[in-house]
Visitor: 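Can you keep this structure in mind? I'll have questions shortly.
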Amino acid sequence: MAFDDDKRSSEYKERLHSMLQALEAGDETVFNRELDELTHIREKELFVEVGKLTRELHDALKSFRLDFRLAELAEKEMPDARDRLNYVVEMTEKAAHTTLETVERLLPEAETLGSGAQTLSADWQRFMRREMDADQFRELAHRLQPFLTATGERAESLRGGLTEILMAQEYQDITGQIISRVITLVQELEEGMVDLLKMAGGAQLKSEGDAAVKDKDKAKRDDQKGHGPAMPDAKGGDVAQGQDEVDDLLSSLGF
Amino acid sequence: MDKNMKILVVDDFSTMRRIIKNLLRDLGFNNTQEADDGKTALPMLRNGDFDFVITDWNMPGMTGLELLKEIRGDEKLKSMPVLMVTAEAKRDQIVEAAQAGVNGYIIKPFTAATLKEKTEKIFERLEG
């Protein structure tokens with residue numbers, strides 16, 4: 001093996017030279033000092049080597065940890081996230097149905113209440129205008145009492161229903177927390193993937209032209225299949241920002 | 001507008017179908033039926049005497065756009081008014097639906113007033 005460092009070889013040469021001189025002169029003190037120096041140079045070299053090995057070990061451990069974390073993400077946490085998101089879908093659907101059921105039950109009650117009050121109000125005004133004889137008034141009075149009782153009961157039922165609707169909104173707390181956790185998970189996965197890419201030598205993606213073609217194909221496919229709801233803050237001119245923009249676009253097409 | 005007309009509501013989410021049905025009932029339309037995607041809707045339309053279709057776009061099986069194209073290509077159904085109620089809001093998509101012969105286009109989230117306005121407009125144009 002050749003010396004890879006001129007400085008090191010000249011250092012050795014220097015030490016060996018003065019050692020030889022000391023030996024010839026019979027100076028043991030100088031000889032021993034130079035021998036110590038020689039050993040020291042050798043130790044320094046070893047130290048550098050150990051340092052290099054330590055760094056390699058550290059990197060290997062780090063990448064092992066990353067591999068391990070990614071494997072854990074893929075094997076355990078992603079399926080878990082899928083289950084959690086399914087649970088979110090389930091919960092939101094259940095809450096929507098509870099709310100709808102209650103509204104469907106309450107709407108006819110409100111309608112009955114309204115139309116009952118309207119009829120009575122019309123009759124009451126006839127009475128106030130003195131267009132009612134005693135028999136008609138007696139009949140009105142007889143209808144008034146059950147209406148008031150029923151109104152009290154209906155108000156109670158409306159209050160109960162509104163509380164049910166209120167309680168159905170509790171899903172937001174739980175689903176909000178679940179979704180936040182999944183967002184954190186996705187972030188971690190993204191970071192892990194980026195680290196992995198970097199470690200794999202920062203391999204460049206295929207040519208940009210290639211990627212552009214693929215993007216275009218995907219966009220076309222998505223246009224047919226649908227993109228799903230647009231986010232409210234989605235910028236860019238290709239997404240209509242509201243019903244008004246849709247109407248403008250359609251009227252420009254002759255609608 | 002005939003309040004007794006038969007309306008088919010096509011959406012893969014049962015909650016959305018339910019909301020649309022409730023809004024329609026509020027507008028006085030009680031004769032409504034439901035389908036959960038284009039594949040279910042098409043035979044219903046072919047065998048039934050529907051007057052109006054309200055459909056979502058993004059559905060498994062057959063999308064609303066495919067359903068619209070099927071309707072326009074069917075001798076018996078081709079003049080059926082179709083209102084699209086969808087979260088799909090890309091301009092290209094709206095243009096595509098218009099070219100495929102949609103009668104109205106509402107983007108979600110929408111209001112009861114919008115549904116009323118667009119439905120009335122469709123029938124005004126058909127009757128006028």
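Proteins get letters first, then strands, A, B, ... in listed order; numbering begins at 1 in each.
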Visitor: Please rank B:K108, B:K121, B:K118, B:R125 by heavy-atom pairs under 4.5 Å with chain A and give me the top one.
Guide: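 Winner by heavy-atom pair count: B:K118.
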Visitor: If you tally heavy-atom pairs under 4.5 Å against chain B, which of A:L253, A:L249, A:L250, A:L107 wins?
Guide: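 Most pairs with chain B among the choices: A:L249.
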Visitor: Would you say that more than 12 heavy atoms from the other residues, nucleotides or ligands in this model lie under 6.0 Å from the NZ of B:K76, or not?
Guide: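 More than 12 within 6.0 Å, yes.
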Visitor: Check each atom of B:T63 against the heavy atoms of chain A and say whether the ones under 4.5 Å are side chain, backbone, both or neither.
Guide: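 Answer is side chain: those atoms of B:T63 sit under 4.5 Å from chain A.
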Visitor: Between B:R91 and A:V239, is any pair of side-chain heavy atoms under 4.5 Å apart?
Guide: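 With C-beta onward as the side chain, the pair stays apart.
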Visitor: Quick test of your reading of the model: are A:D238 and B:K90 salt-bridged, counting only N-O distances below 4.0 Å?
Guide: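 A salt bridge links A:D238 with B:K90.
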Visitor: Can you tell me which portion of B:Q99 sits under 4.5 Å from chain A's heavy atoms? Options are side chain, backbone, both or neither.
Guide: neither
Visitor: Taking side chain as everything from C-beta outward and backbone as N, CA, C, O, which of these in B:K69 sits under 4.5 Å from a heavy atom of chain A? Side chain, backbone, both or neither.
Guide: side chain
Visitor: Does CZ in A:R181 sit with more than 12 non-hydrogen atoms of other residues, nucleotides or ligands closer than 6.0 Å?
Guide: no
Visitor: Does B:N22 form a side-chain contact (heavy atoms from CB on, under 4.5 Å) with A:V103? I'd like the steps, not just the answer.
Guide: CA-CA 9 Å; B:N22 271 299; A:V103 169; 5.8 Å; no
Visitor: Need one label for B:S14: side chain, backbone, both or neither, based on atoms under 4.5 Å from any heavy atom in chain A.
Guide: both
Visitor: Using a cut-off of under 4.5 Å for heavy-atom pairs, which of A:E111, A:E104, A:E93 has the most such pairs with chain B?
Guide: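 The option with the most such pairs is A:E104.
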Visitor: A:L100 versus chain B, heavy atoms under 4.5 Å apart: side chain, backbone, both or neither?
Guide: both
Visitor: For the side chain of A:Q243 and the backbone of B:F110, is there at least one donor-acceptor N/O pair under 3.5 Å apart?
Guide: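 Checked: no pair found.
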Visitor: Would the number of heavy atoms belonging to other residues, nucleotides or ligands and lying under 6.0 Å from CD of A:E75 be above 12?
Guide: no
Visitor: Answer yes or no: does atom NZ of B:K6 have more than 12 heavy-atom neighbours from other residues, nucleotides or ligands under 6.0 Å?
Guide: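 Count over threshold, so yes.
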Visitor: Locate the shortest heavy-atom distance separating B:I94 from A:A240; write the atom from each residue and the value.
Guide: CD1-CB, 4.0 Å
Visitor: With a 6.0 Å cut-off (strictly less than), is the heavy-atom count around CZ of A:R129, excluding the residue itself, greater than 12?
Guide: yes
Visitor: With a 4.5 angstrom heavy-atom cut-off, could you sort out which part of B:L65 is near chain A: side chain, backbone, both or neither?
Guide: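 When you check distances to chain A, only side chain atoms of B:L65 fall under 4.5 Å.
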